[in-house]
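Here is how names work: the chains are called A, B, and so on, in the same order as the sequence lines, proteins then strands, and each is numbered from 1. If you're wondering where the values come from, they're calculated on a predicted model, not measured in any experiment.
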Amino acid sequence: MADASQPEMQFATLAQQEQVARLGMWVFLSTEVLFFGGLFLSYAVYRGAYPEGFAAAARHTDIVIGTVNTAILLTSSFLVAWGADSIKHADGRFGGALLTGAAFLGLLFLGLKAVEYSQEYREHLIPGLDFAFAGPQFDAALLFFTFYFVVTILHAIHLTIGIAALVIVARRGARGRYGASHPGPVTGTALYWHFVDLVWIFLFAMIYLPGRSGA
Amino acid sequence: MIRHVQHVQRTPPFRLLGAWFGLLLLLGLTVSLAYVRLGWANTAIAFGIAAVKASLVALLFMELAEHQPLARIFAAAGLFWLAIMFWLAFNDYATRAGFPPAPAVSATSGVPQPNTSRP
């Protein structure tokens with residue numbers, strides 16, 4: 001492996017390398033905005049078309065697990081931001097521990113999501129697996145839960161990649177590979193993790209909150 | 001390793017701590033308000049609070065508030081193209097006759113038939 005305290009050959013300085021890494025990650029995240037944005041657009045179109053059906057379907061999601069999972073992801077983002085800050089202040093051991101903690105919170109999120117999926121399986125809410133929804137909102141509920149599974153599974157895949165990246169960066173950080181002038185992939189990994197959190201913030205409002213006030 | 005000669009400060013920077021508390025507060029607020037019957041305002045509040053939470057994450061956790069303007073431009077580019085996609089799509093869906101399609105109406109009773117089984 002290259003010495004992280006020296007810039008790669010195509011960069012004049014470590015500061016330039018760090019700036020390019022940050023901008024490159026933002027270019028990637030912009031494509032991710034459009035990737036999830038297409039799904040958000042389809043949600044907006046069909047919720048606008050079937051507002052009562054989406055409200056009725058959303059009431060069948062588990063708001064307790066949804067809220068706890070949101071708090072878990074927000075906390076994990078806080079730990080990642082704090083951990084990246086520690087690594088950049090030459091406290092790699094502590095920063096690595098914080099990033100590892102965030103990765104554990106990510107695993108906890110996935111575990112709770114699995115509990116939620118198993119509930120939905122028992123309640124016949126998985127499209128294609130004997131989907132059942134009583135009342136006149138069957139078709140809209142089918143659309144809602146199709147969106148729900150596509151988007152939460154895509155989010156879970158992103159989160160899994162993020163957990164793997166965090167574990168690698170945390171281990172290297174704890175060994176003192178990175179420092180204030182050479183944070184290496186810490187910046188990009190943190191940006192990616194925060195973005196996955198950001199997507200979930202909107203998913204929470206789309207999936208769990210509609211229809212809670214009754215009608 | 002130069003750690004032993006440095007003063008190691010193991011408390012989170014105040015801006016990160018503040019953002020975390022703010023995010024959890026907003027989460028509690030948005031869940032509470034979702035149970036208050038406000039009609040269309042429920043949706044506006046849910047996505048308004050989501051936008052505030054997203055801004056906190058982007059500005060403080062993703063450091064857009066403190067880094068070079070170029071990073072903010074790169075971040076805004078994604079939202080700009082997203083806005084174009086929503087604008088063009090709703091030019092279509094908001095003005096299209098026959099969307100959403102009307103539910104199937106029974107020839108005998110004249111009322112929409114609930115579809116309770118798989119089509």
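We find the CG-CZ distance between L33(B) and R212(A) to be 14.5 Å, quoted to the nearest 0.5 Å. Between atom CG of residue L34(A) and atom CG of residue L79(B) there is a gap of 9.0 Å, rounded to the nearest 0.5 Å. Between the CZ atom in F47(B) and the CZ atom in F202(A) there is a gap of 8.5 Å [rounded to 0.5 Å]. Separating the CD1 atom in I201(A) from the CG atom in L23(B) is a distance of 6.0 Å, to the nearest 0.5 Å.
Heavy atoms closer than 4.5 Å to chain B are found nowhere in M25(A), neither backbone nor side chain. For a residue to count as touching a neighbouring chain, one of its non-hydrogen atoms must lie under 4.5 Å from one of that chain's; by this rule Q19(A) touches chain B with backbone and side chain alike. Residue contact with chain B, scored on non-hydrogen atoms closer than 4.5 Å, involves the side chain of I63(A) exclusively. Using a 4.5 Å cut-off between heavy atoms, F90(B) contacts chain A through its side chain alone, with no backbone atom that close. For chain A, the nearby parts of V31(B) are the backbone and the side chain; heavy atoms of each come within less than 4.5 Å. Proximity to chain B (any heavy atom under 4.5 Å) is shown, for Y208(A), by neither the backbone nor the side chain. When heavy atoms are compared at a cutoff of 4.5 Å, A141(A) does not approach chain B at all. With a 4.5 Å cut-off on non-hydrogen atoms, L27(B) touches chain A through its side chain but not through its backbone. If you measure heavy-atom distances from Y93(B) to chain A, the contacts under 4.5 Å come from the side chain alone. Contacts of T75(A) with chain B are made by both backbone and side-chain atoms, with heavy-atom separations under 4.5 Å. If you measure heavy-atom distances from A54(B) to chain A, the contacts under 4.5 Å come from both the backbone and the side chain. The parts of F40(A) that come within reach of chain B are both its backbone and its side chain, each placing non-hydrogen atoms under 4.5 angstrom from that chain. Heavy-atom distances place both the backbone and the side chain of A71(A) under 4.5 Å from chain B. Looking at L29(A), only its side chain comes within 4.5 Å of chain B, counting heavy atoms on both sides.
When side chains are defined from C-beta on, L64(B) counts as touching W26(A), because their heavy atoms get closer than 4.5 Å. For the pair S213(A)/N42(B), a side-chain contact is recorded, criterion being any heavy-atom separation below 4.5 Å from C-beta on. A 4.5 Å side-chain heavy-atom check between T30(B) and F204(A) finds at least one atom pair inside the cut-off. K53(B) is listed as a side-chain neighbour of L74(A), based on a closest heavy-atom distance under 4.5 Å. Contact of the R47(A) side chain with the T43(B) side chain is registered, since non-hydrogen atoms from C-beta on lie closer than 4.5 Å. Residues F195(A) and M62(B) meet the side-chain proximity criterion, which asks for heavy atoms closer than 4.5 Å.
Every pair passing salt bridge (Lys or Arg N to Asp or Glu O under 4.0 Å) that includes a residue from residues 86-101 of chain B is listed here, sequence neighbours excluded: D92(B)-R96(B).
Most heavy-atom pairs under 4.5 Å with chain A: of the set A75(B), A94(B), G39(B), this distinction falls to A75(B). Contact count against chain A (heavy-atom pairs under 4.5 Å) is highest for L16(B) among L56(B), I73(B), L16(B). The residue among P12(B), A46(B), A50(B) with the most heavy atom pairs within less than 4.5 Å of chain A is P12(B).
In this structure, the ring of F78(A) has its center less than 6.0 angstrom from the ring center of W20(B).
Remark: F11(A) CZ is packed, more than 12 non-hydrogen atoms of other residues, nucleotides or ligands lying under 6.0 Å away. F35(A) CZ: more than 12 foreign heavy atoms inside a 6.0 Å radius. Shown here is F80(B), whose CZ atom has no more than 12 heavy atoms of other residues, nucleotides or ligands within 6.0 Å.
V33(A) and G78(B) make their closest contact through CG1-O, 3.8 Å (heavy atoms, listed as atom of the first residue, atom of the second, distance).
Without hydrogens or angle criteria, S30(A) side chain to F74(B) main chain gives a donor-acceptor distance under 3.5 Å.
Checking S86(A) against R10(B) by side-chain atom types alone, no donor-acceptor pair falls below 3.5 Å.
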Could you go step by step and tell me if R15(B) and D85(A) meet the side-chain contact (heavy atoms from CB on, under 4.5 Å) rule? CA-CA 11 Å; R15(B) 67 177 194 287; D85(A) 187 79; 3.8 Å; yes

